Structures are given as structure tokens and as C-alpha cells.
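The structure appears below as C-alpha cells.
Note that the structure is predicted; figures quoted are calculated from it, not measured. Just follow the structure's listing: the first ligand is 1, and inside any ligand the first atom is 1.
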Amino acid sequence: MTAARFAVRDPATDAIIDEVDACDDAAVDAAVAAAEAAGPGWRARPAPARGELVAAIARRMRADEARLGALITAEGGKPTAEAIGEVRYAASFFEWFAGEAPRIYGETIPAARADQQIVVERVPVGVCALITPWNFPAAMLARKLAPALAAGCTVVAKPSELTPLTTLALAALAEEVGVPRGVINVVTGQGPRVPTRLVADPRVRKVSFTGSTAVGRAVLTACAARGVRASVELGGNAPFVVLADADVERAVAAALVAKFRNAGQTCVAANRFVVEAAIAARFEAALVPRVAALTVGPGAQPGVDLGPLIDDRAVAKVRRLVEDALARGARLVHGAVPGASRFVAPIVLAEVTAEMAIWREEIFGPVVAIRAVADEAAAVAAANDTDAGLCAYVMTRDLGRARRVVRQLAVGMVGVNEGLISTAQAPFGGVKASGYGREGSRHGLDDYLDYQYVMTTALDTP
Ligand code: SIN
């Protein structure tokens, strides 16, 4: 037991909604010990039986979506409909990996000699540390936890200090449906102390991290120091490319989703709108009234499109990026420089250039930053002008052109005429500074499995 607790606040009101443990080193060590002790029993359970329990978590989540959604809104701020959407999105990972559990196939390989047999099995890596961000407290946990459980791993989850309640609720719900004690452990805390201790623990055999590039690199360094597996989903700086032949209405609809989901606080948010000059005026004219119609308010208030930003630091960052862009010559098309309020109304900037901070940094807020370019080649060059490589969006009616452009984009995921690409069936992840490893799809299991190869030689029978 740890004595210290810390407050969890509602970003809409700053009111304290709960308190959770500030785990000390002993509590982290105890969580890892519990995960390790539960490992042999969990991995010995047949994969279909593990899958059934993973499916049961999804069923319970769906049955409880209103309560879980309200919790996500309370600690993360997103509107109720989006929060319930996140619960369903999270449940879909448990459903997907429940189906994958019985399909963790090994293989046999022809051996060089007739008396030999080579069999390859996929075996769980062991105790996994799952470090998750605040922007999707249910879905980002589910995307790691579901494949870990399906693979036969036990886990210690470390949620963001801003949104620990959803993780605690999901862990409790998993235990209620029959996941044995010790298989899922949660450690909570503020600052780097808990994750640092967790990642350094020699009993932890794999770390999965979603969050900022800076912290992700520190996690990778710590993992490299002791030669332990890591997968990291880091920041993005997604280009949203509108080619001259795009269907403008479709492009605007996709832009609204890609930009304003969770008030722009997603790694896959459209960060830079790269628009061919021939269509720029039409795109802007169609986009602005739709942006102006978006409502901002407390997430629990019916009909709200955008909730508050997560905290004052997030607001200050958006303000700095908008001020810098305006000072360097961007045109304010819609909205105003944010003040102190966490309720940031959507902003549209045009004539954005590569010299502006908003071009280089993840905005993580409701700002559309538009740069017009001369042609397709310039659009591709502008799209790739970033260290990040998580995802991109391409709007065009011409699928041949789409293919040509997509092949030149250095990103892990692309939406063509689509603003929402996240789904349990597809491998989510990036290239370049956006990290490595894939979550979701059948590939999402790979990070939680090792290969074990057995060569057997038949002995002559007397
Ligand atoms: C993220 O922001 O990291 C992920 C969002 C998503 O799954 O769509």
C-alpha cells in the first residue's frame, strides 16, 4: 500500500474528480512481481480460452459504455458521443484479438535430414509494461492490452497521470469477467518516477509506449540499455493533401474528422493542410463555414463538438504556435488567438510557410494550417517535409494519381478521401521519428510473441 495520493481533475472545470495512488518504487516492484507470478498460469491457459476472456472484456465494455464514456469525458474532456465512440473503438480491439488468439500459428520447416523435425512455436514474451497517453485512455490501453492478453502475456499498465481512472475501471472490469488476479496490474503516478522504475525492471520483457517523441526516445534508451524489446508510437505531423481534382465536399468532410476529432488532440490529426493552388480558394470557402459551425463547450454538455483542451500547457502551446504563424505572415481566416480558456474555438490559418513553428510541431489543438502549393510534385515535397512519418491524407478523385502520390509519402498510414483511418483491423504505426511497431490487425500480436524453434531428432527404436 502506498500512502501518497494525487488528484485527477476534470479539464473542463479543473475540479478534482478523484484521487489515485502515487505509487512508490515498492508498489511498482510489487505490480511487476504480481504480473510475473501470474504469467505461468495465464500462458498455460489454451489460447482459445484466453480469447474467450478477452471477448468477455469487450462485451462488458459495450454493456457499460455509458459509464465508461462518462469517465473518459470527466477526466479527458472529450464530448460524450466521442467518448462513447472511444469505448466502442477500444472494445473492437478486444473483439479483434479475441479472434486472433486461436490463430497464433506456429510452423513446421522441412529439415535437412529425414530423422529431424523442425517446429516453430510462437510463445508469449512475458511481462509487458504498457505505457499509455491521456488522449485515448481506453483505446490506447486496449490496443496494447488485448494483444498482450491474447498472446499469453501478463501486464503492468501505466496510464497517463491526467487520465488514470479509465485504466483502473477497465482493469476492474476485466477482473469481474474472470481475468485472473495478477494478469493485469495498474501502477499510477505523476512524472517519470513510475515509468522509469517499471522500464528498468529486469522482469519486464517488453515495453509498449504511446506518447511524445521526447519521452519515447527516453523509453527506447532505457530499453536498449538492458536489451529489452520496445515498440513506440510517437508523435505525428500529418499532411492533409488536397489535390486539384479533389471532390471539395468530400475533402472538407474528411478534413473535419481528421482535424477536429478530440479537438485536434490526436497523433493522427491533420497538422498541415497542403492544397494545390488551383483548388485552394474553393477548399477554403467550403471549409470555413463548416468550421465556424462547430460548437465548443464542456464535453458532458449535449451537442458539443469540441471539448476543452487537456490542460493549460496545451492551450499555451496552441497560442504560441498561432502567434508565431501570424507574426511570420500567416493570414487569419477564421477564429482568434486563444486566450487563457481551455475552450479553444477552431482557428483557420492560410499562407502558412515551412519557416513557421506550426509547420514543424504537432499542434494538438483545433487549428487548420493551410499552405497552397503549385502542383502535385510540390505537394509531395511539402507533405514529406517533416521528421514525423505517422500518417497522411490525400484527397483526389483520380485513384491512379492517389496511388502515385501515396507511394512517394514516407508515412506508415494513409487515408485516401478518408479522414478517419484508425480501426482494429489495420496496422497502426509510423516510420521515421513517429516510432516503430504496429498495433491492431494480425501484426499487432507480433510485439507480444517470441519464436521458439525446436529441432527433434527421432531415435532409432531398438
Ligand atoms: C493517437 O492519437 O495516438 C491515436 C488515435 C487513434 O487511434 O486514432
Return yes or no for this condition: an N or O of [X] is under 3.5 Å from an N or O of ligand 1.
{"X": "Asn135", "answer": "yes"}
{"X": "Arg261", "answer": "yes"}
{"X": "Cys267", "answer": "yes"}
{"X": "Arg143", "answer": "yes"}

Nearest-neighbour protein heavy atom for [atom], which is reported as residue plus atom name and distance:
{"atom": "atom 6 (C) of ligand 1", "value": "Ser422 OG, 3.3 Å"}
{"atom": "atom 7 (O) of ligand 1", "value": "Tyr89 OH, 2.7 Å"}
{"atom": "atom 5 (C) of ligand 1", "value": "Phe136 CE1, 3.5 Å"}

Next item on the list: Examine the side chains of Thr166 and Glu75 and answer whether a donor and an acceptor come within less than 3.5 Å of each other.
Entry: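 Looking only at side-chain atoms, Glu75 and Thr166 do form a donor-acceptor pair, the distance falling under 3.5 Å.
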
Side-chain donor-acceptor contact under 3.5 Å, Thr295 with Asp305: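 Asp305 and Thr295 do have a side-chain donor-acceptor pair below 3.5 Å.
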
**Request:** Please say which of Asp312, Asp10, Asp311 ends up in a salt bridge (Lys or Arg N to Asp or Glu O under 4.0 Å) with Arg342.
**Result:**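 Among the candidates, only Asp312 passes.
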
Distance in Å, [X] [atom1] paired with [Y] [atom2], rounded so as to fall on 0.5 Å steps:
{"X": "Phe428", "Y": "Met140", "atom1": "CZ", "atom2": "CE", "value": "6.0 Å"}
{"X": "Glu233", "Y": "Thr132", "atom1": "CD", "atom2": "OG1", "value": "12.0 Å"}
{"X": "Tyr448", "Y": "Arg229", "atom1": "OH", "atom2": "CZ", "value": "10.0 Å"}

Next on the checklist: Taking 4.0 angstrom as the limit and counting only heavy atoms of Met140, give me the atoms of ligand 1 inside it, by number and element.
Outcome noted: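 Close to Met140: 3 (O), 4 (C), 7 (O).
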
- For Thr266, take its heavy atoms, then give the atoms of ligand 1 lying under 4.0 Å from any of them.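 Every atom of ligand 1 under 4.0 Å from some heavy atom of Thr266: 2 (O).
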
**Prompt:** Can you say whether the rings of Trp134 and Phe364 are parallel (under 30°), tilted (30 to 60°) or perpendicular (over 60°)?
**Reply:**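 The rings of Trp134 and Phe364 stand perpendicular, inter-plane angle above 60°.
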
